[in-house]
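Taking it in order: structure first as structure tokens, then the write-up.
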Amino acid sequence: MTTQQRQLGDLTVSALGLGCMGMSEFYGTADDQQGIETIHRALDLGVTFLDTADMYGPFTNERLVGRAIASRRDEVQLATKFGNERLPDGTRLGINGSPEYVRAACDASLQRLGVDHIDLYYQHRVDQSVPIEETVGAMAELVAAGKVRHLGLSEAAPETIRRAHATHPVTALQTEYSLFTRDLEDDILPVLRELGIGLVPYSPLGRGILTGALTPGSLAADDSRNSAYFPRLNGEGLKANLTLVDRFRARATAKGCTPGQLALAWVLAQGDDVVPIPGTKRVTYLEENVGALDVELSDDDLVALDAAVPRDAVVGARYGDMSSIDA
């Protein structure tokens with residue numbers, strides 16, 4: 001069991017979190033029992049920072065997480081998100097940051113999760129038609145009401161982060177960050193550190209490519225990573241990026257760990273205010289991920305990894321459509 005912890009602002013969480021999205025949607029067939037077993041094993045191992053969102057499923061992932069933690073709520077730092085509005089049939093209605101929606105979405109999440117408060121409540125995507133002050137103002141009301149303990153943003157631009165934080169302290173920013181996705185280092189990370197906001201990287205394994213397990217034809221037909229929405233993982237992008245993965249795998253072999261563990265160790269080495277949330281729906285991968293906490297990287301290791309996967313060498317945009325990302 002790991003007892004390593006880190007600080008996101010003034011919220012103490014496990015040094016490694018668990019992304020629960022894939023247990024319900026996007027990454028192949030869902031298996032609720034398998035997901036619950038994975039969450040229980042995570043808690044047993046000291047991975048207590050759980051991440052979900054209302055739109056995963058949609059709505060089913062929050063219910064799954066709620067069932068899994070029902071008897072262990074006091075062990076968990078529970079994070080969920082609102083803002084990507086969907087209907088029960090999966091239809092996407094767009095991004096909604098209106099104060100009325102903030103309040104309604106929170107109440108619905110609390111009910112599905114079966115809890116009386118959310119530890120970290122994120123705006124999943126920034127609604128560029130609503131001033132961030134209005135959205136965060138409504139989120140602050142949830143804190144005052146005791147429904148939410150801490151506020152977060154996801155995929156927000158530096159100026160948006162500043163304006164939000166001036167309205168109510170922001171505890172964490174969730175965004176994509178891995179050896180394959182490092183653009184936030186230029187403008188976003190300096191702002192987070194200036195303001196004392198923690199960073200929660202999602203897809204710290206590059207959506208699986210950094211584990212070495214993703215190859216042409218390796219994904220299930222219903223896995224969303226097969227789609228043009230992920231240019232890095234398809235066609236010429238995948239072919240080019242797998243050459244980087246080969247070099248990266250060689251570094252993992254030299255280090256005596258798995259590629260996935262090395263990828264997570266690299267993210268963890270970027271600062272004590274960084275808490276990655278690798279997603280998995282299988283106990284075996286969870287246990288492998290936890291092993292990353294024991295991988296120590298020297299300065300020479302970090303230089304070697306930069307050389308193996310140069311920041312600007314990755315081919316393809318991280319999303320085929322970047323219009324929902326606040327810039």
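Note: hydrogens, waters and symmetry copies are ignored here, and every other heavy atom, side chains too, is used.
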Counting distance only, does the side-chain N/O of [X] pair as donor-acceptor with the main-chain N or O of [Y] below 3.5 Å?
X    : Y    : result
D301 : S298 : yes
R232 : F180 : yes
E287 : T284 : no
N84  : I95  : no
T181 : Y177 : no

Between [X] and [Y], what is the shortest heavy-atom contact and its length?
X    : Y    : result
V126 : E155 : CG2-O, 4.4 Å
V47  : L16  : CG1-O, 3.3 Å
L244 : A308 : CD2-O, 4.0 Å
L238 : I209 : CD1-CD1, 3.8 Å

*Quick one: which residue pairs count as a ring pair (Phe, Tyr, Trp, His ring centres under 6.0 Å) with a foot in residues 92-143, not counting sequence neighbours?*
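Sorted pair list: Y56-H124, F82-Y121.
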
*Check salt bridge (Lys or Arg N to Asp or Glu O under 4.0 Å) between R207 and all other residues, then give those that pass, not counting sequence neighbours.*
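For R207, the residues satisfying salt bridge (Lys or Arg N to Asp or Glu O under 4.0 Å) (neighbours in sequence not counted) are E176.
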
*Tell me, please, which residues at least two apart from D326 pass salt bridge (Lys or Arg N to Asp or Glu O under 4.0 Å).*
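Salt bridge (Lys or Arg N to Asp or Glu O under 4.0 Å) list for D326, sorted by chain: empty.
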
_Please determine whether a side-chain nitrogen of the Lys or Arg among R282 and E37 lies less than 4.0 Å from a carboxylate oxygen of the Asp or Glu._
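Judged by the 4.0 Å cut-off on N to carboxylate O distance, R282 and E37 do not form a salt bridge.
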
*Side-chain ion pair, R112 and D107, N-O less than 4.0 Å*: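 Answer for the salt bridge query: no.
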
*Is the centre of the F248 ring less than 6.0 Å from the centre of the W266 ring?*
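Between W266 and F248, which both carry aromatic rings, the centre distance is not below 6.0 Å.
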
